[in-house]
Amino acid sequence: MYFFKKIYACFSEIFLAFLFAIRTKNVWQFFSKIFSFFRKDFRLDGTIMTLVSELELLNLDHGDILNEEWLMRKKPKMPDKKIKIFSDFLFFNDSNIWKKKFNDREQFFYLHRFGWAYNEIDTKRLSIEELVDIVHHWIVLNRKKEKKKGWDSYSISERVSNWCILLNPLKTNLKLTADIKGSISEQLDYLLKNLEFRGTSTNNHILNNAKALYIAGCVINEDKYIDSGRLIIKEVHKILFSKNGMSREGSSHYQIIFTKWLLEILWFAYLFKDAQFIDQIKTPIYHNLQASIFFLSFKDFPFIGDISPDFDVNFFIDMPKIGNQIINGNIKMSADPKLKGWAAFFGTEDFGQGHSQTSRTDHFHEDGYYLMKNKAVKILAYVNPKSHISSTSHGHSDVGSFILWYKDKIIFDDSGRATYDDSELSYYGRSIVSHNGIMIDKKEPLIIHGLNGYPELLTQEFLGRSPEVYVENNIRKSCLNLTYYGYERTGEKIVISRKFMLKNNSLEIVDDISGKSKHEIDTYFHITSECDIELTDYCIILKDQDSKINLSSENLNQSMAPLFDEKSTNIGNMCAVSKKYGEVSNINSIVYKQTAVLPQRNKYILHFS
């Protein structure tokens with residue numbers, strides 16, 4: 001069912017693009033774009049091509065270093081333990097554990113990437129010696145030459161990095177066996193021949209590849225991998241991140257994941273005394289950390305864009321405590337026992353003294369993040385700087401949406417994306433209907449790669465103008481004015497201007513929708529299930545233990561529908577929220593519906609008490 005919806009949505013946009021081309025007399029350009037994937041230069045990127053050429057020359061200088069003599073023949077005994085892979089439990093003594101079939105393919109990848117081992121070791125459910133046995137077991141049963149799954153480049157990158165961090169001989173006093181070293185070398189050799197360069201669609205995966213080459217190269221002492229990792233990291237960092245250190249991929253959770261990778265790279269650079277490389281990457285990684293602290297400083301984490309299946313965001317609760325120490329090179333082999341999660345695996349000096357644990361700025365406007373706040377209320381809006389969501393992005397159809405905290409608790413939330421599967425739930429997580437935004441005529445406010453189209457096959461004129469944002473602050477109020485043009489592609493010249501006005505005890509949201517003729521307008525609000533909701537003729541009353549919020553609409557031609565009272569599983573009223581990949585809980589979703597002749601002004605008022 002979902003597949004047909006997706007196909008219908010994509011072809012509907014192609015048809016709109018064709019009509020747009022006729023109106024603008026650019027039919028030839030339309031067909032040139034639509035069939036551009038047949039051209040040899042499709043997705044060609046000059047910077048990436050240059051980097052690939054430099055890597056080829058570098059590896060010619062090093063030559064082949066793979067040694068097959070290490071091959072382990074005997075299958076080791078597995079510990080009698082179990083692990084949790086998302087919602088499923090697996091037993092290590094299951095002889096078919098590495099061939100296990102899951103409902104979600106990300107569960108299979110998670111198993112083979114060994115990210116689960118951090119929590120098992122941190123909680124002392126698994127010892128390092130037992131992990132060594134499990135690693136040996138994987139090596140015997142998952143050799144590349146036998147065409148086993150788990151040999152995709154991203155999984156290799158995660159797996160060898162995790163092995164090197166968890167089994168680091170300088171920390172654990174364990175000497176890596178010849179089998180583990182040999183397997184790492186074999187995997188890195190395969191990775192180096194299958195790096196995830198995708199031209200203009202190159203994304204964070206190539207940074208993960210480079211992290212594995214550098215860290216594992218340091219651990220097994222192979223310059224070929226170290227040099228390749230260094231080169232890629234230096235070149236792709238400026239592609240993937242802004243000068244402020246913020247990822248260009250539109251996901252708050254992935255920003256934390258990417259910062260984790262970079263801090264790990266820097267930790268190993270200090271450990272192996274790679275002074276020149278440290279000088280080159282230290283400052284950019286500092287900015288990455290500050291951008292991550294911006295999100296981690298909220299007591300309730302704001303999930304904007306995709307949720308990573310690799311690690312739960314709570315795993316990084318202590319990242320701000322040790323991040324600056326890693327950047328300054330104050331590292332040691334043993335971590336402070338008070339540290340939790342990821343930080344517990346990276347020793348630093350005096351993490352609690354004299355170091356900022358909050359971002360130096362609340363403003364990442366150039367990256368699309370706008371924060372308004374007073375003593376009790378915070379509002380965060382993400383406005384993708386582009387007019388579309390590209391193939392490199394983990395972003396959603398969330399233009400015009402917002403997340404609102406009251407007394408440090410999220411009240412109006414982003415619903416997150418619980419799965420990457422091709423399913424209704426995945427579609428819902430990316431659509432505007434799962435965000436606090438506006439949908440017109442059941443169409444998304446912009447083109448999102450893989451959801452309702454493929455931007456690289458459409459003309460820039462059709463994709464439209466980038467959003468415009470204006471911020472105004474004074475003693476009495478803070479204002480955020482957002483104008484976006486994505487609906488102009490329909491031919492109706494529809495433009496939405498959304499204005500947020502935050503005062504001491506109230507928030508006004510004014511939506512001016514310009515255009516002509518009659519249209520269906522749906523305005524969504526998603527309210528945390530921790531609030532009790534009372535519906536009256538005049539407003540919606542939200543209550544929790546220590547606060548009360550009234551939400552009212554001044555629009556007489558609207559009807560309000562509480563979606564959480566409906567049993568339908570249609571895409572517009574799933575009422576689902578995800579804070580962790582693979583897990584879903586309920587959220588109170590409300591939609592204001594209207595059919596109106598444009599232009600139309602809608603006004604919503606929130607009173608806080």
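Because the structure is predicted, anything quoted here is derived from the model rather than measured. Numbering starts at 1 and runs along the sequence shown.
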Hey, would you say the [X] and [Y] ring centroids sit under 6.0 Å apart?
X	Y	result
Phe42	Phe38	no
Phe303	Phe301	yes
Tyr370	Tyr382	no
His365	Tyr369	no
His526	His435	no
Tyr118	Phe345	yes
Tyr225	Tyr214	no

When rounded to the nearest 0.5 angstrom, what distance separates [atom1] in [X] from [atom2] in [Y]?
X	Y	atom1	atom2	value
His112	Lys149	NE2	NZ	9.0 Å
Trp116	Tyr110	CH2	OH	9.0 Å
Lys243	Glu366	NZ	CD	4.5 Å
Glu106	Leu111	CD	CG	12.5 Å
Tyr190	Ser185	OH	OG	15.5 Å
Asp152	Leu191	CG	CG	10.0 Å

Side chains of [X] and [Y], heavy atoms from C-beta outward: is any pair under 4.5 Å?
X	Y	result
Leu51	Ile206	no
Asn168	Leu271	yes
Cys164	Ile184	yes
Val577	Val584	no
Lys260	Trp342	yes
Lys224	Asn59	yes
Glu488	Arg465	yes
Leu55	Leu231	yes

| said: The test is side-chain hydrogen bond (donor to acceptor under 3.5 Å, both in side chains); show your working for His237 and Asn288 and say whether it passes. | reply: CA-CA 10 Å; His237 188 281; Asn288 295 126; 2.7 Å; yes
Residues [X] and [Y] bridged, charged N to O under 4.0 Å:
X	Y	answer
Asp300	Lys378	no
Asp310	Arg113	yes
Arg489	Glu444	no

Enclosure of [X] [atom1] (heavy-atom neighbours >12, cutoff 6.0 Å):
X	atom1	answer
Asn103	CG	no
Lys340	NZ	no
Ile317	CD1	no
Asp279	CG	yes

| request: Taking all non-hydrogen atoms of both residues into account, name the closest pair between Ala343 and Asp318 and its distance. | output: CB-CB, 3.6 Å
| said: Using the rule ring-ring contact (aromatic ring centres under 6.0 Å, His included), only one of Phe311, Tyr254, Phe109, Tyr420 pairs with Tyr581; which is it? | reply: Tyr420
| request: Would you sort out whether His253 and Asp306 count as a side-chain hydrogen bond (donor to acceptor under 3.5 Å, both in side chains), showing the intermediate values? | output: CA-CA 7 Å; His253 191 190; Asp306 283 346; over 6 Å; no
| request: Check whether NZ of the Lys or CZ of the Arg Arg159 lies under 6.0 Å from the centre of the six-membered ring of Phe114 and within 45 degrees of that ring's axis. | output: no
| field | Sidechain-backbone polar pair: Glu196 side chain, Tyr154 backbone, donor-acceptor under 3.5 Å | value | yes
